Structures are given as C-alpha cells and as structure tokens.
Amino acid sequence: MLDEALLFKWMAAFDHQIQTDKAYLSGLDAEIGDGDHGDNMARGMSAVMHTFKTPDQSVAEQLKAIAFALISKVGGAAGPLYGSAFLRMSKAATDTQQLDQLIQIGADAIADRGGANFGDKTMLDVWAYVPAMLEHHTLSSAGLAQLAANTKPMQAKKGRASYLGERSVGHLDPGAVSSQELFQALLLAQADLKTSPNPAMKNGTDL
Amino acid sequence: MKKIINAVADIVPEMVSGLVKSYPQLVEQIPNTQAIGRRDAAFKAGHQVGLVSGGGSGHEPLHLGYVGAGMLSAAIAGQINTSPTPDQIYAAIRYADHGAGVLLIVKNYAGDVMNFAMAQELAEYDDIQVKAITVDDDVAFDATDTQGRRGVAGTILVEKICGAAAEAGATLDELAALGQAVIDHTKTIGIALTAATVPGVDHPGFELQADEMEYGVGIHNERGYATEKMAPSATIAAHLVDKILGNFDLQATDEFAVVVNGLGATPLMEQYVFANDVLADLAKRDIKVTFTKVGNLVTAIDMHGVSLTLCQLQDNWHTLLNAPAATIAW
C-alpha cells in the first residue's frame, strides 16, 4: 500500500541517497554519457522534497507534484523518464494504491516514453523486474544491486551511450543505478515505517 | 581550464540575458524561461505557423541565434548539453502559436525527443496544433543499434528553409513535410583535433595525442568512428566528401548546398582553407554547388574541429535558403 506516510519516507530516503551519491552517479555517467546524471537528479530531488510542503495532498496529488518537479528540474532524458513514471502512477493512484501495480504502471510509462526494450542498458532493466519482486515479497537490497549490476555487460541501445557501441560494455548504466537507489529507498522507508509508524497515521503498519 | 564566466550554474541564464540585451531589436526573453522569441511587428501581428527549436546549450549560435524574421519564432536554451524541460518548451510553443499551429524542430537525442514530446502533449491539451520533426543528419554512424543518427549542423538548413516557407505562408502540414524532406536530403560528418572542455570539468572530454585527430565526432564530445594521424586539410576534405556522398542517391541534375561549420575553437582561416578543399573536391567530381555557408554555426563549446554538411537541393529550396532572414547569426 502506498499511502501518504510511506510516500514521504520513500522520497526522503531517495533524496538522501541521491544527494550522498551525486558525484558517484555523475561519475558513472561521465564514463558513457555526459556526466551530469547525479547533479540533475540531485536538483530534481531537492525540488521533489519541496513539494511535500504543500499540506493535505492525496497520494495521487503528491505523485503528480513529484512528477512535475522531476520533469521541470531534472532535464535531459532522466527527467521525462522518471517524470512520466510518476505522472502515470499519479493517474492510477486514484484507482489503486497497491505498490506492485503502481510500479508496473510506472515501468510501462518509462518503456512508452523512452522506447527501450529489456536489455538495452537503461533504467528499465531495473524497473521492469521490481513489480514481480514486490508482488512475491522478494524485493531485497541484494536483488536490486544485482539488477543494476546486470547492466554492466550490456551494450547500450538507447540514449547517448548507444553511440559508444561495444565501448559501452563494462560500465554500469547510471539510470539503472539511480533506479536501484529509488527502490532501495522504498525498502528503507517500509522498514522504517514498521519500526516507527507515523503516529499521525492510524494505519501506519498496514504495509 | 580558463573560461570567461562567473559561475558554472549561471552560464545559461547570463548568456540568454546577454544575448537578449545585445539584440533587443530582434528578440525578447519569454518571461520566466530561458527561451527567447522574435519580436518584430510582422510576427506579432501575423498568423504564420510558429517554428520552435531548442536544445542543450553549448552549440551557439544554435538555436537562439537563428530566432528572427525568416527563421525560428522561438528557441529554448537548456542546461549545457542537456535538453530543455517540457515546461520551458511549452512556454515557447504558446509564444509561437498565432492560431496556425507550431512546428517543433528537434535534434535526435533521447532527452530532446522526450522533452519536446511531453511539451507537445501539454500544448495539445490546450488545443494548439503541434507537429514535430526530428533532425538526424549525422551519417558518421549507422542508425542500427543506437538511438539513431544524431542531429547536428544540418539543423540550420532545416530551420532556414522551413523558416522562409513559413514566412511565405506555408501551412503546418506543408512545413512538417518540407522539413522532413530537407532532413532526408541533408548529411553531415564532423572531425575534431581537440575535444571540448565542458565548463566545470577541467579537462577535454576525450584525449587525442598532438598528432592525432578523430573522425565522426558528435557535438557533445561523443567520440567518432576512427582516431587517425593528423592529415592535411585536402585529405580530410576528400575523406568526408567521399563518405557523405556515399549516403546520397546521386543524380546528374543534382545541385548541392554546402555548409562548412566550425565547432567552436577553429579559426575561420582554417575553415576557409577546408572550404576551399571541399569545393575543389566536389568540382573534381562534377558536383554542382549552388549555395555555400562557412562559419561557427553549430558549435561544441570549444572543440577544435569542423563539420561538413551536404544538402541535395530540391524544388525551390535554393530560393528559400537565399530568402532574407533577420536573425543574430544566419
């Protein structure tokens, strides 16, 4: 269940991870792209955290605000990809708040927007596998790390790295790594809510 | 690396501000954006189809320098080498729409294509008619297994030919078809002696030895298809002409436009030496050239290198290329 409390803790944990790893992510991007993924994501997540200052937003409204923050502040390819995912999740959140379904909708939005296939060395190589892991309660930190690591031997078929051809092999995809961090943040937020449910939330433990 | 800047984060807004203040008779800044629009009375009062382009910064004078009568209606500057965001593009579309719709001229990069597509969707919610064409003139690489061919210096020919046609009253559908035809008949390859140094990064994007050059570079420091020993201008010209012509279906009646483009740190002296070799090589092959343009037109920050663009002219394109344009850079 994605409720307001989980969404806040999830984004706060992701923001913390992105700000910490800003230079690492940009460094990964410098190997096969243009070297700004960490900086762009950090700018975007600062804007995302700002959206939580608007009080009493539903999950759908909050997801939409997150989407627009990412779309308008991240730029490049990551902005529209992450932004499209959260925008479509926002539309769906009025019907379902089940996490596996929402993430699947987000993954579909990324595939539609970017036109990538599995194995093209993109963030989709992480997103595509997360819904089933959530559904079967097998999402783990190690599993996420493995998904990101899987992009290392892949040859890029989309984005700027694709022009490197075989030279893109042997490098992690920066978008896959930031996506790994997004879902690691979700795990952290879920664990955090179990141990210290938000007192303001009556059903803070119904995860 | 020394740069004439204040702070890296301020480069794009300060550049846009400086450009608009320098040429207030031609352009104005669209409020709350890093986009500019043409401000001549004929455009403001007219009903022509709007032409909007944009992309990451660092390629000046592309695209801001091509805003004005006879070319673009508006252009958006993104962060350095980073696509502008949909909200900014959307603002430029709204500025450019005078009821006849807006044509988006997008260079083929993943970020640009996605951000412009999202802006197009936003504008369509407002019932603004929008069409987009994607420029992919760089024939250094095959289109298979990549994002597709990149949009580089040939973009200015699309902007000029469509701009002149829009000024003459072409419809949105006609302009989209015309622009696509220009793209289909325009091919470019670039070479570099030194990669660009992106502000905030204190070294060139890739290393070349003192006696080396790179064939097939992109305008964002993308490496090319071959690193070779430095060669005379005539040898480079012959190689590029050969490779580019191989991508055309040549006809005896062909007439070509030639663009020799400096990539940012190439003295005009070298560009004209190279243009001289290109034109001599084309003459030797009995290829008729009826339009030539030389200069720093689509740059890659401070890359030392050139690109060569050939456009197989059709219909009235030659007239459209020579039509008047009141822009900063055409």
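All values reported here derive from a predicted model rather than from experimental measurement. So you know, we letter chains A, B, ... as the sequences are listed, proteins then strands, and number each from 1.
Distance CG/A/L164 to CZ/B/F141: 8.0 Å, rounded to 0.5 Å. Interatomic distance, CD of B/Q79 versus CG of A/N40, reported as 8.0 Å (0.5 Å rounding). Here the CG-CE distance, from A/D112 to B/M114, works out to 12.0 Å after rounding to the nearest 0.5 Å. How far CG of A/D39 is from OG1 of B/T82: 9.5 Å, rounded to the nearest 0.5 Å. Rounded to the nearest 0.5 Å, atoms CD (B/Q147) and CZ (A/R160) are 10.0 Å apart. One distance of note links CE of B/M118 with CG of A/L81; it measures 9.0 Å at 0.5 Å rounding.
Between A/G76 and B/N115 the shortest heavy-atom distance is O-ND2, 2.7 Å. Heavy atoms only, all atoms of each residue included: B/T85 and A/S72 are closest at CG2-O, 3.3 Å. In plain terms, the two heavy atoms of A/R167 and B/G224 that are nearest each other are NH2-O, 3.3 Å.
Proximity to chain B involves both the backbone and the side chain of A/R113, based on heavy atoms less than 4.5 angstrom apart.
In the displayed structure, B/K243 atom NZ is contacted under 6.0 Å by more than 12 heavy atoms of other residues, nucleotides or ligands. The local environment of NZ in B/K3 is crowded, with over 12 non-hydrogen atoms from other residues, nucleotides or ligands closer than 6.0 Å. In B/H239, the NE2 atom is crowded: over 12 heavy atoms of neighbouring residues, nucleotides or ligands sit closer than 6.0 Å.
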